[in-house]
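Report on the structure given below.
When reading the values below, keep in mind they use all heavy atoms of this one structure, side chains included, and skip hydrogens, waters and symmetry mates. Residue numbers begin at 1 in each chain, while the letters A, B, ... track the order of the sequences.
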Amino acid sequence: MENPITEILVDNAVHLFGGEIDPKMIQFQKTRKEVEGDLTLVIFPFVKALRCSPDDAGNKIGSFLMEKLPFIASYQVISGFLNFNISSDYWLSQLEEIDKQSDFGFAPKDSKSMIMVEYSSPNTNKPLHLGHLRNNFLGYSVAEILKANGHKVIKSQIINDRGIHICKSMLAWEKFSPLNEKGERETPSNTGLKGDKLVGKYYVEFDKQFNAEAKSIIELWEKGDFSGFSNKISEEFIRLSEAKAGKDDKAVKGLDEKIKDLAKNETSLLKEAKDMLVKWEARDPQVYLLWTTMNSWVYEGFASTYKEMGVDFEKLYYESDTFILGKDIVIEGLQKGVFYKKEDGSVWIDLTSDGLDEKLLLRSDGTTVYMTQDVGTAVDRYKDFPDLQGMIYTVGNEQDYHFKVLFLILKKLGYEWAENCFHLSYGMVDLPSGKMKSREGTVVDADDLMHEVVQSAKEMSQERGYLEGMTEDERTNLFRLIGMGGLKYFLLKVDPRKRMMFDPAESIELNGNTGPFIQYAHARIKSLIAKGGSDLTLNKTEIGSFEKEIIKHLVEYPLVIKDAAKELSPALIANYIYELVKLYNQFYQNVPILIEEDEKLKVMRLILSENVAKVIKSSMLLLGVEVPNRM
RNA sequence: GGUCUCGUAGCUCAGCUGGAUAGAGCAGCUCACUUCUAAUGAGCAGGUCUUUGGUUCGAAUCCAAACGGGAUCACCA
């Protein structure tokens, strides 16, 4: 309805305003609740041209539009705002239109360009945690939203499966895993532990032993025992120790950190891990076997976690593959003069003229770094999918700088598609106790959390749900659906860019702005439909204000889907659904539906309800959340 | 310290392409189930939109500075 108004105003600008107008002057907004009307036009921009009071200007525009547009039933001007009343018939016809479309709000499938959405991309040395949940739910949802907008989407991830961190858990497993009576070390099958958990356990074990060794080295040094260490080390230690005298606590702490780093570098454990990395790069058969074995455990563990999360991927990339390509590209770039080599053989790019720093791409020993791999991965992806028109990296905002640099490097290498790369930078998840810190054991494990929310959904459903006649399987599925729905909705309802607070108690809440609140509304409608019937035909009838508000909101759905894609923000969808459900609950509570005696009214209300359920279901699926028919 | 980012009710968050009296949820206090699922709805109370300047007919929204959180500045990923 905005479009015809805009058209008429632009077409008749000379007559109305005495000259052409900028369409940007035509600003619509929702009519305030307290004021009667369905749509509001802001008059202020026109006041100057019309050289009269805002009220006169409003009346002039209002009467002109009312004459031209039959759907404007009446209008009134209040302090510079022109409020239109839109006719009942118009809203009814809108409802009819929505009712016809099973995929209401969605653009035709594959009608737009191909986009890759990268998300998850975990390290293979630690189990997934709460932060990964936000990442995965966000990435998955953004992919769904883009699909709804007609894009062809490739969901992808890069698996960080190589590097010193992987060697650490491998080494710790070899050294510290106890042997059972059969002489085997711990494996997922002989311990019953999930693969990622088992490997993570040894990563932690490495860190523990590593720190212990460093500590004992420092103790030796403090006693003045430097046997076996170079003069350089002992001098540095003495220098740092003496610097502590007379400094404040903070400075002393910093110096102690440096001493610790010094000692860590001297540990036999780190040396062994580094040796292992060198062997890995040389494809030493034994190390490679260990690597593939332990990685396969992790992948198995991740697969089950992803399944639980309800996320999936079309194409996986492995760092162990792409780093080679990255290295080749860097060497090529070196020849082209994009990069330069320092005396020690390390390769760099100078980005100071772009306001950034110098960045390392190859170490002096020729090995690659994170950036090198990311260059290789990006190029690999465009090779695999030449039709790609964009790539979205769902990665935490602590890597903002990294991606700025990455995209700039790609651009400097001459890849035009670098322009279409976008870092979907999301904020960290905090706990009420503060930041998650692995060292302090405050990391919330993804599997544990998902298990807890489902368990809690079970308890609450058994207390108040409508479960009679449901099979055991149906119940289990319902509990999963409610628990996971609550968790996903909780993590997706806030603006992804913002740092957010995760309160475990609040995440299993059922009232207010929560997943189960919305799921409940859906179940309630489905129960109505089951009793009142579907496949009804809409007849002309009067509509009340509750119905009208809902239809107005339904009409906005296609626009919200577009906005959510533009902003890459599932939060916009979540807010929209919440608003819709609140409106519907008010209607439900105040207006009779099945017990309405006027058949036409009853049918209209049922059709309205059905379409609300349709939109709830479709929009929740954009968030990756399923909705039950009963609960 | 440089760069980036955030600051809205006791708490968690909307609102930010400038527009009417700044909104929800939670927590607190009331009220409504012989009626379609009360996992609901209605109401009360709660605000210097961090501060100070500027732009404007009009600023939570744009600009600048200050203050306060956070991130980042590795031959880590």
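- The nearest whole Å value for the distance from the CE atom in A:M500 to the C1' atom in B:A71 is 18 Å.
- Of the candidate nucleotides B:A39, B:U37, B:C36, B:U37 has the atom lying nearest to any side-chain atom of A:R630.
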Subject >> Nucleic acid footprint by protein, nucleotides 18-33 of chain B - heavy-atom cut-off 4.0 Å, B for base, S for sugar-phosphate alone >> reply: -BBS-SSSS-------

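- Counting to the nearest Å, the C1' atom of B:G70 and the NZ atom of A:K437 are 12 Å from each other.
- The nucleotide B:C62 finds its pairing partner in B:G54, both defining distances of the Watson-Crick or G-U wobble pair being shorter than 3.5 Å.
- Here the P atom of nucleotide B:A39 and the OH atom of A:Y489 are 19 Å apart, to the nearest Å.
- Ring centroids of A:F502 and A:F490 are separated by less than 6.0 Å, placing the two rings close together.
- Nearest nucleotide to the side chain of A:R499, out of B:U40, B:A71, B:C36: B:A71.
- Nucleotides B:U8 and B:A60 are separated by 7 Å at their C1' atoms, to the nearest Å.
- For A:S527 and B:U37, the shortest distance from a side-chain N or O to OP1 or OP2 is below 4.0 Å.
- Nucleotides B:A24 and B:C63, compared at atom C1', are 30 Å apart to the nearest Å.
- Annotation: A:F206 is not in aromatic contact with A:Y203 [ring centroid separation under 6.0 Å not met].
- No contact: A:G427 has no heavy atom under 4.0 Å from any strand.
- In this structure, the nucleotide among B:C6, B:A42, B:A39 sitting nearest to the side chain of A:K498 is B:C6.
- Mapped onto RNA chain B by nearest heavy atom, A:L594 and A:A521 fall at different nucleotides, with A:L594 at the one closer to the 5' end.
- Using P as the reference atom, B:C6 and B:U50 are 13 Å apart when rounded to the nearest Å.
- When rounded to the nearest whole Å, the span between CZ of A:R497 and C1' of B:A71 equals 17 Å.
- Contact check on A:E549 versus A:K552 returns a salt bridge, with a Lys/Arg side-chain nitrogen under 4.0 Å from an Asp/Glu carboxylate oxygen.
- For the residue pair A:N397 / A:R499, no side-chain donor-acceptor distance below 3.5 Å is found, with atom types taken as modelled.
- When both distances must be under 3.5 Å, the Watson-Crick or G-U wobble mate of B:G41 is B:C31.
- For B:U37, the OP1/OP2 oxygens have a side-chain nitrogen or oxygen of A:K531 closer than 4.0 Å.
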Subject >> Intermediate values then yes/no, ring-ring contact (aromatic ring centres under 6.0 Å, His included), A:Y426 and A:Y119 >> reply: CA-CA 11 Å; A:Y426 64 90; A:Y119 65 98; over 10 Å; no

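- Remark: B:A22 base-pairs with no nucleotide; criterion is Watson-Crick or G-U wobble with both hydrogen-bond distances under 3.5 Å.
- Between B:C31 and B:G10, the distance separating the two P atoms is 26 Å to the nearest Å.
- Between A:R524 and B:A38 there is a side-chain polar atom (N or O) within less than 4.0 angstrom of OP1 or OP2.
- Set against B:A14, B:C36, B:G70, the side chain of A:K435 has B:G70 as its closest nucleotide.
- Relative ring orientation between A:F407 and A:Y393 is described as tilted, the plane-to-plane angle lying within the 30° to 60° band.
- Distance check on atom P: B:G23 versus B:A9 gives 14 Å, rounded to whole Å.
- As a whole-Å value, the separation of A:K359 NZ from B:U72 P is 12 Å.
- For the pair A:D495 and A:Y588, both in contact range of RNA chain B, the more 5′-proximal nearest nucleotide belongs to A:D495.
- With both ends at atom P, the span from B:A20 to B:G1 equals 39 Å, rounded to whole Å.
- With distances taken from any side-chain atom of A:V494 to the nucleotides B:A77, B:C13, B:C36, the minimum falls on B:C13.
- Taking the six-membered ring for Trp and the full ring otherwise, the centers of A:Y578 and A:F517 sit less than 6.0 Å from each other.
- Taking atom CZ of residue A:F546 and atom P of nucleotide B:U40, one finds them 17 Å apart after rounding to whole Å.
- The residue A:N629 sits close to a base: some heavy atom pair falls under 4.0 Å.
- Between A:F81 and A:F44, the angle of the ring planes goes over 60°, which puts this pair in the perpendicular group of the 30/60° scheme.
- For A:R363 and B:C76, the shortest distance from a side-chain N or O to OP1 or OP2 is below 4.0 Å.
- Side chain of A:E398, nearest nucleotide from B:U37, B:A71, B:A77: B:A71.
- Distances shorter than 4.0 Å separate none of the side-chain N or O atoms of A:Y401 from OP1 or OP2 on B:U72.
- Side-chain atoms of A:T124 and A:D161 form no donor-acceptor pair, as typed in the model, at a separation below 3.5 Å.
- Atom pair A:E118:CD and B:A77:C1' shows a separation of 13 Å (rounding to whole Å applied).
- In this entry B:G1 has B:C73 as its Watson-Crick or G-U wobble partner, both defining distances falling under 3.5 Å.
- Remark: A:E36 CD is loosely packed, at most 12 non-hydrogen atoms of other residues, nucleotides or ligands lying under 6.0 Å away.
- The nucleotide B:C67 finds its pairing partner in B:G7, both defining distances of the Watson-Crick or G-U wobble pair being shorter than 3.5 Å.
- Atom CD1 in A:I43 sits about 19 Å away from atom P in B:C57, given to the nearest Å.
- For B:C26 and B:A42, the P atoms lie 11 Å apart once the distance is rounded to whole Å.
- Nucleic acid contact for A:Q399: base, since at least one base atom lies under 4.0 Å from a heavy atom of the residue.
- Comparing B:C13 with B:G18, their P atoms sit 26 Å apart, to the nearest whole Å.
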